[in-house]
Amino acid sequence: MEIELIEGDITAQSVDAIVNAANSSLLGGGGVDGAIHRKGGPDILAETRKLRAAKYGRGLPVGQAVATTAGRLPAHWVVHTVGPVFSATEDRSELLRACYINSLRVADELGAASVAFPLISAGIYRWPVEDAVRQALTVLRAATPATLRTATLVLYGAETAAIARAVATT
Ligand code: ADP
């Protein structure tokens with residue numbers, strides 16, 4: 001699988017699947033989650049509500065991933081995953097890697113050839129950007145998916161993109 005790093009807005013990506021850094025409620029939130037629901041329209045929320053009612057009464061557990069269609073977005077699917085909140089006292093990096101592993105699996109099961117990720121947990125959930133990139137690349141570089149050919153890490157803002165590029169070359 002080819003890995004690309006780009007600076008941009010994930011809601012504008014013309015890929016088969018984009019990943020949403022959702023929260024457990026699956027009912028929308030701030031950051032990238034808010035942007036996806038705002039631009040994708042109400043169909044996405046209608047589907048996550050149904051998923052919540054049918055399968056995840058107590059919310060989607062941290063590290064897991066589920067797919068919906070993508071409403072008005074250029075992508076075909078949104079894979080919703082819940083990142084861990086950063087902790088300075090507890091190593092939660094396995095859960096962060098699980099987000100990437102499970103999102104890749106879900107995208108692959110959908111038959112997607114391309115998937116785009118935001119930097120999960122690196123916003124409201126306060127994960128340090130450098131390590132968030134490192135965790136993402138660890139999983140993406142080790143992945144051996146069946147249908148996925150390209151994974152894009154979409155970095156929001158020039159500063160985040162510069163940090164990511166530096167991490168990727170070390
Ligand atoms: P979390 O709650 O998992 O931390 P956030 O959405 O707050 O999720 O942030 C995750 C990352 O996504 C951050 O690096 C943030 O800057 C970035 N981000 C926010 N909006 C967008 C967007 N439209 N496209 C891509 N990345 C975004």
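Treat the numbers as computed from the prediction; the structure is a model and nothing was measured. Below, all heavy atoms of this structure are taken into account, side chains as well, without hydrogens, waters or symmetry copies. We count ligands from 1, going down the list as the structure has it; atoms in each ligand are counted the same way.
- No donor-acceptor contact under 3.5 angstrom links the side chains of Arg52 and Thr48, judged on distance only.
- Shown here is Glu4, whose CD atom has more than 12 heavy atoms of other residues, nucleotides or ligands within 6.0 Å.
- Here the protein heavy atom with the shortest distance to atom 11 (C) of ligand 1 is Leu119 O, 3.2 Å.
- Scanning the protein for heavy atoms near atom 26 (N) of ligand 1, the closest one is Tyr156 CB, 3.4 Å.
- Residue contacts with ligand 1 leave out Thr11, since none of its heavy atoms falls under 4.0 Å from the ligand.
- Residues Lys39 and Asp9 are paired through a salt bridge, judged by an N-O separation under 4.0 Å between the basic side chain and the carboxylate.
- The nearest protein atom to atom 25 (C) of ligand 1, hydrogens excluded, is given as Ile10 N, 3.5 Å; this is a heavy-atom distance.
- Atom CD of Glu7 is surrounded by more than 12 heavy atoms from other residues, nucleotides or ligands within 6.0 Å.
- Residues Thr69 and His76 have side chains that never bring a donor and an acceptor to within less than 3.5 angstrom of each other.
- Ligand 1 has at least one atom lying under 4.0 Å from a heavy atom of Ser121.
- The single protein non-hydrogen atom nearest to atom 7 (O) of ligand 1 is Ile124 N, 2.8 Å, given as residue, atom name and distance.
- Tyr56 OH to Ser25 OG: the interatomic distance, rounded to the nearest 0.5 Å, is 14.0 Å.
- Between Phe117 and Tyr100, the ring planes are tilted. Angles from 30° to 60° get that label.
- Ligand 1 has Asp9 within reach: a non-hydrogen atom of the residue lies less than 4.0 Å from it.
- Among all non-hydrogen protein atoms, the one lying nearest atom 6 (O) of ligand 1 is Val32 N, 2.8 Å.
- Counting the atoms of ligand 1 from 1 in the order shown, those under 4.0 Å from a heavy atom of Gly31 are 6 (O).
- Listed by number with element, the atoms of ligand 1 under 4.0 Å from a non-hydrogen atom of Ala21 are 3 (O), 8 (O).
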